[in-house]
Structures are given as structure tokens and as C-alpha cells.
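This is a predicted model, so every value here is computed, not measured. Any value given below was found using the heavy atoms of this structure, including those in side chains, with hydrogens, waters and symmetry copies removed.
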Amino acid sequence: MNLWHSITIAVSAVNVLIAICIIVSGRKKPENRSALLLAMGLIFISVALYRTIFVSSYPNRLAWYDTIFNSPFLVRCLAVFAELSFNGMIVLILYRLGKDLGIDKQSGGKLLTALPLIGLGCIFAAQFFAFHGLITQYLTTFAIEETLWAVAFALYTPMIVVALVQSKKQNYANKRARLFLILIAIWCGGYLAFQCFYALPFIHYAELSQDIGKVIPPNALQLAISGFVQTRDFDTWGGIGFFIWHSGYFSICSWLSLLFMTVRVGKKGRRSAS
């Protein structure tokens, strides 16, 4: 576990350095980068580095280190900015692609381009359920949070599919934007399959009966902040399932964020091959 932890930290640290290089290069040629995408990408990747160092688990209030910096509540606060940034990048690029490809002017196009925004609203709402679950330890609340995440990515999917079709029909020259569409389509398909056919039915909704009779202590917030358990036991963390999830989340998502930071879509996007 210690070797795995060191490797994940090293990968995350390299990702932060790459993100900084992208930002520096973007400042030299600002017309080729979106400042908002750069900022959101750096936020996500920086928080990913923090969370790979201070590994934590919300439902069980587990922490890798016995320090307040590893408090699941503190990590949860940082996760708000990271999760909204990651999804914000997806929605912003889809919105700009909708205009660049003329999707917003087609029949039903305005509704189609609005779906990702509604999805982002679901991610925003999920943050409140995440905090509620962390404080109260209600599994039902965590299940609602994960359901909102699944709904959000389901709402992104129609716009992604239509944008892919339109980019092919129009022989869209923006190769980086097309790569974004392909990768995010694969990501959405895999994520929704994982959530709908495994995580939601067999993990998040399988043990909701444990909430029956659960009493919230008066110092629940204090416990959420400082009442965590420090451990590095593989089985306590959830075994291979947690290992795969944590490894993938803070590597693949960060790599996607690095790509998102380099996507430029707008009025000049049709003339650009980058």
C-alpha cells in the first residue's frame, strides 16, 4: 500500500507540473487557450494531488494520516471545487461546441444545449448530499449523491452524441475538440454502465436498511471534522475495489482535465486544427 501511495502521489505531482506548463504556454499565446478552462483544470489537478497525498473515505471516515489535513470533512470541502471544475470544463466545452457547430440553431437545439447545464446543476446539488452523508453517515444520502452524478452524465450524453455526428458531417477541423468528444463519450458510457449496473444497485442501494434507527449525535459536525480513523489496512479501505477506483479517479480524470485545458472552441475554432 505504501508503494502504491507513493506512485499515485508521483503521478499526480507530474500532472500538476504539466498543467502549469500548459498555463505558461497559454499565456504566451492566449488566443489558443481559454483562461476559464485553464483555471478549472488547475483546480481539479491540484486538488487531485492533495487527495492522493491525504487519502480519505467519506462513508467510513477513514484517513491515511492522523492529521487534521487528512480530515474527510476538509477533503470534502476541497472536492467541491474539484468536482464542479471537472464538470464545468465538460459543460463549457459542450456549450461552445454547440454554438460552433450550429447545434443551438437547429430544431430542439436550445433544449439539447441546455441539458449539460442541467447536468451541472445536478453535480452542484450532489455536493449538499455529500456533506449531509459525511456528517450524518446516512447511506441513503450517499446513494442520492451518486444517483445525481449518474443523472448528470446521462444529461451530457445526448449533446455529446449530436456534436460527434455534426462534427463528422461538417468535417470539423478542430482535432482537439473532436478528440474531446470521443474521449468524453467513452468516459460517459463507461461511467454510466458502472453506476447503473454495479455501483448503484449493488453498493449504494444495497444496504440502505442500515439507516433505519440511526441516530445523529449532537456533535455530528465535530465528528465529521476531527472524528476520523487513521489506517492503511488494505481490507479496511475496501480492498481491490477502492484500489481500482482511487487509482483511476486520480489518474484518468486528471489526464482528461489536461486535455480539456488545451481545447479551444469558438468562432475561430473552425479554422483551427488544434
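- Shown here is F81, whose CZ atom has no more than 12 heavy atoms of other residues, nucleotides or ligands within 6.0 Å.
- Remark: R76 is positioned above the aromatic ring of F131, its terminal NZ or CZ atom under 6.0 angstrom from the ring centre and at most 45 degrees off the axis.
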(request) Kindly determine whether V55 and W237 satisfy side chain to side chain contact (heavy atoms under 4.5 Å, CB included), including the steps that lead there. (result) CA-CA 10 Å; V55 186; W237 278 104; 4.0 Å; yes
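- A continuous path of Ile, Leu, Val, Met, Phe, Trp and Tyr side chains, each step under 4.5 Å between heavy atoms, connects L62 with Y65, placing both in one hydrophobic cluster.
- In this structure, F194 is not a member of the same hydrophobic cluster as F197, with clusters built from ILVMFWY side-chain heavy atoms closer than 4.5 Å.
- Looking at heavy atoms from C-beta onward, I68 lies in side-chain contact with S71 at the 4.5 angstrom threshold.
- Side-chain contact check for Y205 and T147: at least one donor-acceptor pair (N or O, by modelled atom type) lies under 3.5 Å.
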(request) Dump the intermediate steps for side chain to side chain contact (heavy atoms under 4.5 Å, CB included) on F129 and E146, then the final yes or no. (result) CA-CA 9 Å; F129 288 98; E146 292 296 328; over 6 Å; no
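- When all heavy atoms are compared, the tightest approach of R264 to N174 is O-ND2, 2.6 Å.
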(request) With side chain to side chain contact (heavy atoms under 4.5 Å, CB included) as the test, would you mind laying out the steps for L115 and Y156 before giving the verdict? (result) CA-CA 6 Å; L115 289 179; Y156 299 158; over 6 Å; no
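- The structure places OG1 of T113 at 12.0 Å from CG of L97, a figure rounded to the nearest 0.5 Å.
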(request) Could you please spell out the steps behind the side chain to side chain contact (heavy atoms under 4.5 Å, CB included) verdict for I216 and Y138? (result) CA-CA 9 Å; I216 304 174; Y138 279 156; 3.8 Å; yes
(request) For S34 and R96, run side-chain hydrogen bond (donor to acceptor under 3.5 Å, both in side chains): C-alpha distance rounded to whole Å, both residues' side-chain angles, the deciding distance at 0.1 Å, then the answer. (result) CA-CA 11 Å; S34 164; R96 291 178 176 176; 3.2 Å; yes
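- Residue-environment remark: OH (Y249) exceeds the threshold of 12 foreign heavy atoms within 6.0 Å.
- The distance from the CD1 atom of I184 to the CG atom of L179 is 11.0 Å, given to the nearest 0.5 Å.
- Taking the six-membered ring where the residue is Trp, F86 and W187 present perpendicular rings, their angle passing 60° and hence far from 30°.
- Side-chain contact check for H204 versus L139: every heavy-atom pair is 4.5 Å or farther apart.
- Sparse packing is recorded around NZ of K168, with 12 or fewer heavy atoms of other residues, nucleotides or ligands lying under 6.0 Å away.
- The existence of a salt bridge linking K99 and D104 is confirmed by a sub-4.0 Å separation between a basic side-chain nitrogen and an acidic carboxylate oxygen.
- In this structure the side chain of E145 never reaches within 4.5 angstrom of the side chain of Y58, judged on heavy atoms.
- To the nearest 0.5 angstrom, I45 atom CD1 is 11.5 Å from W255 atom CH2.
- Side-chain atoms of M261 and I23, non-hydrogen and from C-beta on, do get closer than 4.5 Å to each other.
- Atom CZ of F54 sits in a crowded spot, with more than 12 heavy atoms from other residues, nucleotides or ligands closer than 6.0 Å.
- Y191 and Y198 fall into different hydrophobic clusters, where Ile, Leu, Val, Met, Phe, Trp and Tyr are joined by side-chain heavy atoms under 4.5 Å apart, directly or via other members.
- You'll find the ring centres of H132 and F128 outside the 6.0 Å limit.
- When side chains are defined from C-beta on, L74 does not count as touching I225, because their heavy atoms never get closer than 4.5 Å.
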